[in-house]
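What's counted below: heavy atoms across the whole structure, side chains too, no hydrogens, waters or symmetry copies.
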Amino acid sequence: MRKIVIALSVLALLTSCVSKKKYTDLEARNKETQDLLNSCTVKLNSCLEEKAGLTATVAGLKEQNTGLISTSKDMTILSTKGAENIEKALESIKEKDLKISRMQDALTKKDSVTLAVVTSLKSAVGISDPDIEINVEKGVVFISIADKLLFKTGSYDVTDRAKAVLAKVAKVVNDKPDFECMVEGHTDSVPYIGNGVLLDNWDLSVKRSTSIIRVLTNQLGVKPEQLIAAGRSSYVPLVANDSAENRARNRRTRIVVLPKIDQFYEMIEKEMKKQQK
């Protein structure tokens with residue numbers, strides 16, 4: 001009878017974990033977004049270089065025509081072909097300026113959204129606590145909270161102190177309903193020894209993630225469709241697990257804030273397609 005109860009408990013835990021496909025799709029989406037931004041930056045730099053070349057061409061043509069004018073008594077000597085070249089070069093520069101402006105506007109809006117998220121989070125959560133870190137990596141906002149604020153050693157029960165911190169995070173998330181948040185559990189490399197329901201650090205990391213999500217949804221009003229549960233076990237350490245202090249740093253929960261800024265990326269993508277025609 002006891003084995004049946006344990007088996008059912010494990011099954012219930014596993015079914016509550018994040019969908020591997022959804023997690024993989026999210027990672028793929030983040031990679032595609034970063035690839036798009038990198039491609040856009042390359043295109044932007046290429047446009048700037050081409051603009052500089054065209055500007056130099058215009059300057060050369062103007063100098064050429066000025067020389068003709070100064071050495072000629074008749075203003076009609078001005079080269080018709082030179083004037084046409086100047087007009088074409090100026091028109092090309094105007095088009096490049098428009099494309100550059102559109103891409104820069106899209107990137108600026110994207111950066112503004114990210115900055116607004118970071119500012120809101122730092123204002124709500126505070127930046128004086130060394131156990132809470134808020135930073136931006138590749139356009140994504142990360143909130144990293146040390147496990148000593150969230151759980152007791154080897155436990156996945158959320159502490160009362162953690163609920164106060166999570167309430168501040170929930171306020172920011174609730175103010176931005178178009179955002180998604182992925183809650184990642186991370187452990188150190190010490191093998192988990194539990195009660196038989198959790199098998200290893202994988203189970204513990206995911207269980208801690210779902211425990212945080214239940215607090216956010218059941219007690220703090222965050223919409224479940226905004227949240228994604230994920231566990232990374234001990235395989236994404238911040239530092240080597242070679243001391244008690246380092247292992248404590250690696251035991252953490254990371255909340256990944258993913259603003260939906262597809263409209264900005266669509267703007268960039270459309271502009272890039274225009275350049276390819």
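Remark: the backbone N or O of Leu220 is paired with a side-chain donor or acceptor of Asn174 at under 3.5 angstrom.
Residues forming a side-chain contact (heavy atoms from CB on, under 4.5 Å) with Ser46 (at least two apart in sequence, or on another chain): none. Partners of Gln219 according to the side-chain hydrogen bond (donor to acceptor under 3.5 Å, both in side chains) rule, which considers only residues two or more places apart in sequence or in another chain, do not exist here. Residues satisfying the side-chain contact (heavy atoms from CB on, under 4.5 Å) criterion with Ala162, sequence neighbours excluded, are Leu150, Val158, Thr159. Residues satisfying the side-chain hydrogen bond (donor to acceptor under 3.5 Å, both in side chains) test with Asn201, not counting sequence neighbours, are none.
With Asp147 as the partner, the salt bridge (charged side-chain N to carboxylate O under 4.0 Å, His left out) test is satisfied by one option alone out of Arg252, Arg208, Arg254, Arg251: Arg208.
Each salt bridge (Lys or Arg N to Asp or Glu O under 4.0 Å) pair with one or both residues in residues 223-236, not counting sequence neighbours, appears once here: Glu184-Arg232.
Between Leu166 and Leu216, the shortest heavy-atom distance links the atoms O-CD2, 3.9 Å. Pairing each heavy atom of Tyr192 with each of Gly154, the nearest pair is CE1-O, 3.6 Å.
The number of heavy-atom neighbours closer than 6.0 Å to NZ of Lys148, taken from other residues, nucleotides and ligands shown, is 12 or below.
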Donor-acceptor pairs under 3.5 Å, side chain of residues 242-249 to any protein atom, not counting sequence neighbours: which ones?
unit_1: Asp242; atom_1: OD1; unit_2: Asn246; atom_2: ND2; d: 2.8
unit_1: Ser243; atom_1: OG; unit_2: Asn246; atom_2: N; d: 3.1
unit_1: Asn246; atom_1: ND2; unit_2: Ala240; atom_2: O; d: 3.2

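Residues Asp188 and Ser234 form no side-chain contact, since every pair of their non-hydrogen atoms from C-beta on lies 4.5 Å or further apart.
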